[in-house]
Protein chains: 2
Amino acid sequence: MDRFEERATDRLDEEGGFELDEFAASFLLFRLATQYLGHLESSVHRPEGISTAGFRVLFTVWVYDELEPRQIARLSGVSTAAVSGVLTTLEGAGLIIKEMDSNDRRLRRVRLTPEGTAVLLRTYRRQNDLEKDFFAHLSRTELAGLTTQLRSLLDSLE
Amino acid sequence: MDRFEERATDRLDEEGGFELDEFAASFLLFRLATQYLGHLESSVHRPEGISTAGFRVLFTVWVYDELEPRQIARLSGVSTAAVSGVLTTLEGAGLIIKEMDSNDRRLRRVRLTPEGTAVLLRTYRRQNDLEKDFFAHLSRTELAGLTTQLRSLLDSLE
DNA sequence: CAATAATCGTTAAGGCCTTGACGACCAACC
DNA sequence: GGTTGGTCGTCAAGGCCTTAACGATTATTG
């Protein structure tokens, strides 16, 4: 526990009425997420010329070959308005294309260009290398346990 | 494992050369963080009239009573430029004050106003309630184990 | 001591996120 | 078959984040 966490715990304890164990877990999750995402963005995504948001969209579309903006939003957990903006950026960079649906003209179908696929694979190779380092000090068993717990927390949010 | 995760794993497996266990853990951490932070912002922070970034700054300053912007940035894991912007917003809302340091005129000292303190405590009460729900299905032992693992991952990032 | 170097906070530019409002479009009902 | 009500994607406003460049101020050093 570093000085900040320690001091925060003391302050909350003085104040009274707080659950300190839950504070610790939430605080650490919050902090780990911030640090991890920042690290990923500055050392993997930006060097490949895309943002973390752009990577998330590219990856999601790559997995399904073709998706509608609404589905990208649902799968990646952001609003459709956010996806709309990111798609504009990715389209400008030539990494994706948006096609019209001939049956329902409200719909768009998003797919990766060959360059988009290349960028995605190159970027995820790097990210996966970083992931290996990040979890390197955990045994296979510990890693599986962590995965199970994360999945369980995620389920309880829905 | 939901359909998206399953399909992503299959695609990566076809492609070859990826560590799938690390993918799963990273993918879930990424997703949990997005969902959890989004949930916190929309059901706790915004209803109290502040942003997640504002909450983070208020909390950090509250723990230390008084801090310089640079220290807030380091403790909360964002750039000093980001802190500068958030402080402007919080100051406009009357939740913090920035004082000059008389010895070194480059420095600012940030403190909470009485209203800032009230907002912070009210907001964290709500957040702590949500944290209790969020971790409710874990036993004390499991929660402690999770905390230990999060702390360990965080250490390996520094 | 003056000139140079380092440090602090802010601003600028480019992107992203949220909610709310909106046009375009489809479906369903009277 | 028109009107009425949903649905899809986009835009607008307000905030936040990053890096880079800047003024202001303090520290160092020849």
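Chain letters run A, B, ... following the sequence lines, proteins first and then strands; every chain starts at 1.
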Exercise. Checking A:R7 side chain against B:V63 main chain: does a donor-acceptor pair fall under 3.5 Å?
Worked result: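 Present.
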Exercise. Counting only non-hydrogen atoms, which of residues 80-95 of chain B are less than 4.0 Å from DNA chain C?
Worked result: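 Residues of residues 80-95 of chain B that come under 4.0 Å of DNA chain C are, in numerical order, B:T80, B:A81, B:S84.
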Exercise. With nearest nucleotides of DNA chain D determined for A:S42 and A:D104 from heavy-atom distances, which residue corresponds to the more 5′ nucleotide?
Worked result: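 Counting from the 5' end, the first nearest nucleotide belongs to A:D104.
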Rounded to the Å, how far apart are [X] [atom1] and [N] [atom2]?
X      : N      : atom1 : atom2 : value
A:N103 : D:dT7  : CG    : C1'   : 16 Å
A:M100 : D:dG9  : CE    : C1'   : 10 Å
A:E41  : D:dT19 : CD    : C1'   : 11 Å
B:H45  : D:dG14 : NE2   : C1'   : 18 Å
A:R106 : D:dC8  : CZ    : P     : 6 Å
A:L40  : D:dC17 : CG    : P     : 18 Å
B:E99  : C:dG9  : CD    : P     : 14 Å
A:L37  : D:dC17 : CG    : C1'   : 12 Å

Looking at [X], does any N or O in its side chain come under 4.0 Å of the phosphate oxygens OP1/OP2 on [N]?
X      : N      : result
B:R105 : D:dT25 : yes
B:R56  : D:dC17 : yes
B:S51  : D:dG15 : no
B:R70  : C:dG9  : yes
B:K98  : C:dT10 : yes
A:R108 : D:dT7  : no

For this session: State which of D:dG9, D:dG6, D:dC17 makes the closest approach to the side chain of A:L107.
Result: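 Nearest to the side-chain atoms of A:L107, counting from C-beta on, is D:dG9.
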Problem set entry | Partner of A:V44 under side chain to side chain contact (heavy atoms under 4.5 Å, CB included), chosen from A:E131, A:Q127, A:H39 |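 When A:E131, A:Q127, A:H39 are each tested with A:V44, the side chain to side chain contact (heavy atoms under 4.5 Å, CB included) holds only for A:Q127.
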For this session: Would you confirm whether the ring centroid of A:F18 sits within less than 6.0 angstrom of the ring centroid of A:F23?
Result: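 Centroid distance A:F23-A:F18: not below 6.0 Å, so no.
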For this session: Give the C-alpha distance, both sets of side-chain angles, the deciding distance and a yes or no for side chain to side chain contact (heavy atoms under 4.5 Å, CB included) between B:V86 and B:R56.
Result: CA-CA 10 Å; B:V86 174; B:R56 186 169 43 193; over 6 Å; no
For this session: Would you please classify the geometry between the B:F4 ring and the B:F27 ring as parallel, tilted or perpendicular, with 30° and 60° separating the classes?
Result: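 B:F27 vs B:F4 ring planes: perpendicular.
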